[in-house]
Amino acid sequence: MNVREKIGAELRALRLSRGFTTRELAEVVGMDHSHIVRIESGKYNVRIDTVDALAAALDAEITLKKK
């Protein structure tokens with residue numbers, strides 16, 4: 001699994017655990033829901049600013065893991 005796929009999987013898990021649909025989350029952060037879908041699928045290089053906005057909307061922290 002590459003880094004895009006890992007970020008997408010984590011985003012999806014957080015979104016679902018918070019009870020958001022992709023459309024609801026997109027509305028909160030001010031983006032199109034198809035953008036959320038592409039991020040979650042791991043097919044999009046997401047900007048760190050976007051990750052930060054999504055984390056804030058989901059009341060989550062961004063953490064970095066050491067290998």
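Contacts classified as salt bridge (charged side-chain N to carboxylate O under 4.0 Å, His left out) and involving residues 12-28 (residues at least two apart or in different chains) are given here: Arg15-Glu40. Pairs passing the ring-ring contact (aromatic ring centres under 6.0 Å, His included) check and including a residue from residues 4-33, sequence neighbours excluded, do not occur.
Of the inter-residue distances, the one linking Met1 atom CE with Lys6 atom NZ reads 7.5 Å to the nearest 0.5 angstrom.
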Sequence neighbours excluded and cut-off under 3.5 Å, please list the side-chain donor-acceptor pairs for residues 44-58, or say none.
| unit_1 | atom_1 | unit_2 | atom_2 | d |
| --- | --- | --- | --- | --- |
| Asn45 | OD1 | Arg4 | NH1 | 3.4 |
| Arg47 | NH2 | Asp49 | OD2 | 3.0 |

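Put simply, the side chain of Leu11 reaches to within 4.5 Å of the side chain of Leu25, judged on heavy atoms.
By the rule that hydrophobic residues join a cluster once side-chain heavy atoms approach within less than 4.5 Å of another member, Leu16 and Val37 end up as members of separate clusters.
Judged by distance alone, with hydrogens and angles left aside, the side-chain atoms of Glu10 form no donor-acceptor pair with the main-chain N or O of Ile7 at under 3.5 Å.
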